[in-house]
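Single-structure report; data block below.
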Amino acid sequence: TQLLEQSPQFLSIQEGENLTVYCNSSSVFSSLQWYRQEPGEGPVLLVTVVTGGEVKKLKRLTFQFGDARKDSSLHITAAQPGDTGLYLCAGLYSSASKIIFGSGTRLSIRP
Amino acid sequence: DAGITQSPRHKVTETGTPVTLRCHQTENHRYMYWYRQDPGHGLRLIHYSYGVKDTDKGEVSDGYSVSRSKTEDFLLTLESATSSQTSVYFCAITPTGSGNGYTFGSGTRLTVV
């Protein structure tokens, strides 16, 4: 069974704090995507990382793809209430053009 | 400015009845997907389409069928709804395959009683 594990499952922190969420697998991916989902809406694509070791920044969000392309992390600096949501990672297997989703990290930022 | 819409947004139906969910896109994207989202399971692929009348099964296709008679519409049918099909269903589109990332619809919350 191909799995993509995200941790932590839930995270509640104070506004202004920093946080990191993780996406791990034993499989190698050709690329990895991060989405954010708000209640009652579909996931929205934040970023795609393709190269092992790649780092991408989106304002206060920093995404990193592991050197071996088996894992990824999302770091948020100075979290704000608007960052609240469910963060999903999704890994693409190039051999079958198949994508799998992790079960997500639910993030809550307290004012 | 939504290029993808799902209907209905909410539905309650009885066990054993057929149900059809609709996904409509205005982006002229080739690929369309149906996912279900359940707590602890993330998003799981039900069926997908890579062109008009071209569809294939995903990992949780039992009890579901799909049809795509034109580029803009992708229908998901539950032939005989069961309580285990209570879920939130999402449609997604992408122009050239999964590697480009998906645009998701807002979802349909289906309750089977």
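In what follows, chains carry the letters A, B, and so on, assigned in the order in which the sequence lines appear, proteins first and then strands, with residues in each chain numbered from 1. Treat the numbers as computed from the prediction; the structure is a model and nothing was measured.
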Quiz prompt | chain B contact via Gln6(A) - side chain, backbone, both or neither, heavy atoms under 4.5 Å | solution = neither

Quiz item: Looking at Gly102(A), Gly40(A), Ser31(A), Gly104(A), which one has more heavy-atom pairs under 4.5 Å with chain B than the rest?
Solution: Gly40(A)

Self-check item: Taking every non-hydrogen atom, the tightest pair across Pro43(A) and Phe104(B)
Solution: O-CD1, 3.4 Å

Quiz item: Linking Ile, Leu, Val, Met, Phe, Trp and Tyr by side-chain heavy atoms under 4.5 Å, what else ends up with Val12(B)?
Solution: Val113(B)

Quiz item: For residues 42-71 of chain A, which residue pairs qualify under side chain to side chain donor-acceptor pair (under 3.5 Å), counting only residues two or more places apart or in two chains?
Solution: Arg60(A)-Asp83(A)

Quiz item: Same hydrophobic cluster for Phe63(A) and Val44(A), using side-chain heavy-atom links shorter than 4.5 Å among ILVMFWY?
Solution: no

Quiz prompt | Contacting moiety of Arg44(B), where chain A heavy atoms sit under 4.5 Å | solution = neither

Self-check item: Under 4.5 Å from any heavy atom of chain B - which part of Leu86(A)
Solution: side chain

Quiz item: Is it true that Phe65(A) and Leu58(A) fall in one hydrophobic cluster, defined by side-chain heavy atoms closer than 4.5 Å?
Solution: yes

Quiz item: With a 4.5 angstrom heavy-atom cut-off, which part of Glu41(A) approaches chain B: side chain, backbone, both or neither?
Solution: both

Practice problem: Give the C-alpha distance, both sets of side-chain angles, the deciding distance and a yes or no for side-chain contact (heavy atoms from CB on, under 4.5 Å) between Leu88(A) and Gln37(B). | Solution: CA-CA 12 Å; Leu88(A) 296 162; Gln37(B) 187 175 37; 4.3 Å; yes

Quiz item: Do you reckon Leu4(A) sits in the same ILVMFWY cluster as Leu11(A), going by side-chain contacts under 4.5 Å, direct or chained?
Solution: yes

Quiz item: Given a strict heavy-atom distance threshold of 4.5 Å, which part of Tyr35(B) is in contact with chain A: side chain, backbone, both, or neither?
Solution: side chain

Quiz item: Under a single-linkage definition using a 4.5 Å side-chain heavy-atom cutoff for Ile, Leu, Val, Met, Phe, Trp and Tyr, are Ile99(A) and Leu45(A) assigned to the same hydrophobic cluster?
Solution: yes

Quiz item: Which bit of Tyr102(B) is near chain A, if near means a heavy-atom gap under 4.5 Å: side chain, backbone, both or neither?
Solution: both

Quiz prompt | Tyr22(A) reachable from Tyr87(A) in the ILVMFWY side-chain graph, under 4.5 Å edges | solution = no

